[in-house]
Each structure stands twice: as structure tokens, then as C-alpha cells.
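Position 1 is the first residue of the sequence; numbering continues from there.
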Amino acid sequence: MQDKLLTYDEVLEATKENKRFLLLGNGFSMAYNKDRFSFTSLFQSAVDKGLIDKQSPMYEIFKDFETTDFEEIIKNLEISIKVLNAYQILRDDDARMIFNDANKLKEHLVDIITNNHPAKITDITDEEFIHSANFIKNYDRIYTLNYDLLLYWTTIKLDNFFEDKQIKNKKLEIKDGFYDPDKGHTDYVTYANNNSTNKPNIFYLHGALHIFDKKHKIIKNTYKRTERALREQTLENLDNEIYPIFVSEGTSSQKKSKILHNAYLNHCYRSLKSIGSKRKDDHLIIFGTMLKTNDEHIQDAIMENSVKNIYIGIGSKDNIPEFDLFVERASKRFKKVYFYDYKSVKVWR
């Protein structure tokens, strides 16, 4: 067992040569506000808050379909109305009830996320953003498992702070792969991973609150283009059957299946599998996730890439044995695993 946990400053010193990659988990958001971001899934959060009653047909549908994916259930409810109407076996009251439940789920989806989330970027102080911006500035590329807006907002602030010379020596170039092919004629920007001028350095592995599947393209909503609140834009998209891209499934296999069937998510996942150089000792720093069994697909991607050194943030040495299997897998791939004290990172304050 490692004699002592490294400090984050020691990690930065040890990884100053070659490339640094950052993998963020929910601990990044919980470091901002534990009460807001401590839920384990959208579905469980809806149940805990009483938005979905355990005695309701809606709850039974989630269980019968063995999924926690809101989008799948909403689509199934809406399709069921069309099918049953076609067979003329659906009463008006029944159709209304199913339609209302589908709309309630849309509302719940927005409620859970926006109620667990600061309403706007100005709700977080610049003093807090200075810390988070300084944290992410040291990386060549960032991967996140979170779908909240905290990382997105931090990237905006990092560029602003850098332009104002409040932050110096920025390593991270902010590019998420979205661009404007319509030259300002739309309320959104579009994702294109083959756009040579905007190769992404920021990857939302499990989707994000501001990224939507518009059937034939992946879009990103921005306040700058509309000056309309997130909640309003999200509800309008849902009414137009444009769904936010979230990986909210419960198991690793379900998550991986969702990822592989979405062009944006699949590109992010393949990127994580490809990082690192076989000729250099590149580094992956993990903050805010213990890589539990429901994230085995992330472990698999890490094992497949060429990063040589992995640094994992934990609370105490007592947590190290929880990673025994991970360390064993890594050693077989000629990777070294180190542990550091995540509390030594000044993420927000």
C-alpha cells in the first residue's frame, strides 16, 4: 500500500512533463454544493423528491422496462398513445392520462436538474470561479461524467479571466467541438467532430444539460444566442421532441449501450480510449469519482488508452484497497496508479 497520500501540488509537480488529462466525477460538483449534487441518478432523485410516486403507474413502467432513462419512457408513453389510438382501443380519458404523465416526466426531468442546479452563472461568485478555473487550466484535455453546467460555466470564466489577465499560464484550450455552420441564423450551435478548426478538448462522457439530440444533428443551447433561461429553452426543446443527452441508466452495460448508440457520446468515449502516447509518460488525473461498478465502461476505456500514470483522488488511505482490482488491471497494462488527497485540491474555495 502507498505509504502516504500525495498532495495535489505534488501531483502537479510529478506530472509537469508531457500531457495531463483530467477525468471529473460528481465530486467536482459536490465540492461546490453537496446538498445540490449528491443524488445518484435522475430517476432516484425524482423518487426521493416524491415527483414519481412508488405506487404510480409511471413508477411501474420504469421498473417493467428495467430502465431509468427518462427519454426512453417518455417516448414509449407517447408512442403508446399513437398505437392504441390506431387500434381504436383507447378512451379519451386514458389517452389524456398517458399524455399528462409523459408531460409530467418532461417537467420532472427539467425540475430535477434545474432545481439541483444554480439558475444562472452569476449565482456563483467570481471568487469561486477563480478557484475552479485555476483547477482546470493545467490540463490538455478534460473528460467529465457530470451533466450539470458547472464545468461549462468554468470554461467560460477561465477564458474571461485569462483575457483579463486574472489567470496566467493557461494550458487548456477551450474547445468542445461545437461550431456555427449557419452563421448566426439559429438559436444553437452544432457539433461536428470532423471540424478541423475546432478539435474538442472538453468531453461530456455522459451527456450534459446544454447538449441536445435534434435527431439529425447534435446541438448546444447557449444563453448568449437567445438571452433566454436554461429552463425555458429546455422545456421548449422537450415540447419539440428534442431531448437532452443524458446517460442516466443504472448499470455500466446500460450506460455503454446508450453511449455506443449516440454519435456525440460515442465520439467522447472513443477519445478517452485513445489518449496518451506510447512513447511518452502521459498522465491521467481522476477527481471526484471512485469508478464504481456502474462505471466499469470508464475503467475499460482507461485500460485501453496509452496513459502511463494514473492519479486518483481519495479521502484517506483506507480507500486504497477499494481500487485493488483496478490497480491489478492497470499493472497488467504497464500503468502505474498513485493516490492523492482530494481534499488538498482547492476546487471552488
Q: Please round to the nearest 0.5 Å and tell me the distance separating atom CD1 of Ile219 and atom OG1 of Thr190.
A: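 If we round to the nearest 0.5 Å, Ile219:CD1 and Thr190:OG1 are 7.5 Å apart.
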
Q: Among Arg20, Lys171, Lys19, find the residue that satisfies the salt bridge (charged side-chain N to carboxylate O under 4.0 Å, His left out) test when tested with Asp140.
A: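 Output: one option passes, namely Lys171.
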
Q: Say whether Lys137 and Asn134, considering side chains only, have a donor N or O and an acceptor N or O under 3.5 Å apart.
A: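 Yes.
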
Q: Can a salt bridge be assigned to the pair Arg329 and Asp300 using a cut-off of 4.0 Å between side-chain N and carboxylate O?
A: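 Counted as a salt bridge, because a side-chain N and a carboxylate O are separated by less than 4.0 Å.
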
Q: With no hydrogens and no angle check, do the side chains of Gln44 and Asp48 hold a donor and an acceptor under 3.5 Å apart?
A: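 On atom types as modelled, these side chains qualify, holding a pair under 3.5 Å.
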
Q: Can a donor-acceptor pair be found between the side chains of Asn309 and His283 at a distance below 3.5 Å?
A: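 There is such a pair between these side chains.
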
Q: What do you reckon, is CG of Leu325 surrounded by more than 12 foreign heavy atoms closer than 6.0 Å?
A: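 Result for CG/Leu325: open.
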
Q: Under a 3.5 Å distance rule, please check whether Glu127 uses its side chain to pair with a backbone N or O of Arg349 as donor and acceptor.
A: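 Such a contact is absent between Glu127 side chain and Arg349 backbone.
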
Q: Verify the distance criterion only: is there a donor paired with an acceptor across the side chains of Tyr143 and Ser271 at less than 3.5 Å?
A: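 Tyr143 vs Ser271: donor-acceptor pair found between side chains.
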
Q: Below 30° counts as parallel, above 60° as perpendicular, anything between as tilted: where do the rings of Phe178 and Tyr264 land?
A: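 The arrangement is tilted - the two ring planes meet at 30° to 60°.
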
Q: Given the side-chain rings of Phe28 and Phe287, with only the six-membered ring counted for Trp, is the space between their centroids under 6.0 Å?
A: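 No, they do not, as the ring centres are separated by 6.0 Å or more.
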
Q: Start with the C-alpha gap between Glu66 and Lys63, add the side-chain angles, then the distance that decides, and say whether salt bridge (charged side-chain N to carboxylate O under 4.0 Å, His left out) holds.
A: CA-CA 5 Å; Glu66 297 182 345; Lys63 292 303 180 184; over 6 Å; no

Q: Below 6.0 angstrom between ring centroids: does that apply to His206 and Phe246?
A: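 Aromatic pair excluded; centres sit 6.0 Å or further apart.
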
Q: Begin from the C-alpha positions of Lys217 and Tyr188 and carry the test side chain to side chain donor-acceptor pair (under 3.5 Å) through to its verdict.
A: CA-CA 11 Å; Lys217 55 186 171 183; Tyr188 54 81; 3.1 Å; yes

Q: Between Tyr342 and Tyr8, is the gap from one ring center to the other below 6.0 Å?
A: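 Tyr342 vs Tyr8: aromatic centres not under 6.0 Å.
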
